[in-house]
Amino acid sequence: MSESSILVRRQIGFRVITLNRPDRLNAFNDAMHEVLRDAIDEAEADEDCRALLLTGAGRAFCSGQDLADRLLKPGEKPVPRESLEKYYNPLVRRLRALPFPVVGAVNGVAAGAGANIALACDIVIAARSATFTQSFARIGLIPDSGGTYILPRLVGEARARALMLTAQPVPAERAAEMGMIWRCVDDEQLMPEATALCEQFATAPTQGLALIKRALDASATNTFEEQLDLERDLQRDAVLSPDYAEGVRAFMEKRKPNFRGRK
Ligand code: T3D
């Protein structure tokens, strides 16, 4: 295991996690899953952490599972690896459920589970040179890491089906046009833009943002009536937060609010 298969940088109010196996286009092996899980645990445990920026080192964001770990020796029979149950599913569940925003800064190729992990981030910004590929069909797999749930909801059924069945790469600019991601920016603007967003979140009413994430995640499956009830319940929680009181006070006093965030 390489200790540096991810890099973690602590900034004021947020953390930057960089997937760091550039020679394999930041493909996941078990060790990388484990250090990433630990880094996310640490970020969540730190009340001062109010956003997470996820990106990749080198020319890729992430190329999904490291296929070198899946190469069978002559005569060797395939065995279920349970990698979804053990690693990929907990990771995407975690990204969605973290009590602060996760910004995916897609710096280059995002393929296989790497593409769907990017799409599981709350806000995705991509460099113009980046691509998103549902590459699974090229090797006889099905799209995973939440892709079959998230992608059709982002781009519609027709596009999701075609992208998954053909494994055609989608350039970042097209991904933004079709609503797959939030923005495509010039390559040199990627980290400044993603960082600025995290700096904004670092002084935001974090508990309120966490409730927004919960409401949006539930809306994918709730009926309208269920969603109205959920909004009522979550808004009750939001109204009780010290940040709402501060937000109203600051508005009335015509000053910048000083939100407590997760404390
Ligand atoms: O088994 C399970 O656990 C099930 C779970 C599966 C989850 C998944 O993610 S399945 C999908 C796995 N990923 C892929 O199928 C993508 C494989 N990679 C590619 O198709 C291409 O590399 C890319 C489209 C991502 C980029 O193409 P290109 O031409 O820009 O780069 P390249 O030359 O193919 O790759 C550069 C190097 O990275 C190369 O190594 P080399 O020749 O320089 O020594 C290549 O082998 C390596 N690499 C890229 N992706 C992977 C990888 N090595 C291992 N695993 C990879 N996923």
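Read the numbers this way: they start at 1 and go in the same order the structure lists the ligands and their atoms. Residue numbers start at 1 and run along the sequence shown.
For ligand 1, the protein residues placed under 4.0 Å by at least one non-hydrogen atom are Asp23, Arg24, Leu25, Ala27, Arg59, Ser63, Gly64, Gln65, Asp66, Leu67, Arg70, Ser83, Val109, Ala111, Gly112, Ala113, Ser135, Phe136, Arg138, Ile139, Leu141, Asp144.
Of the charged side-chain nitrogens involved, at least one lies within less than 4.0 Å of a carboxylate oxygen, so that Glu246 and Arg255 count as a salt-bridged pair.
For the pair Arg249 and Phe251, the cation-pi test (distance below 6.0 Å, angle within 45°) is failed.
Without hydrogens or angle criteria, Asn29 side chain to Asp69 main chain gives no donor-acceptor distance under 3.5 Å. Looking at Asn20, its side chain never comes within 3.5 Å of a backbone N or O of Leu7 through a donor-acceptor pair.
How far CG of Leu98 is from SG of Cys121: 10.0 Å, rounded to the nearest 0.5 Å.
Residue pairs meeting the side-chain hydrogen bond (donor to acceptor under 3.5 Å, both in side chains) criterion with at least one member in residues 206-217, sequence neighbours excluded, are Arg50-Thr206, Arg96-Asp217, Asp122-Lys213.
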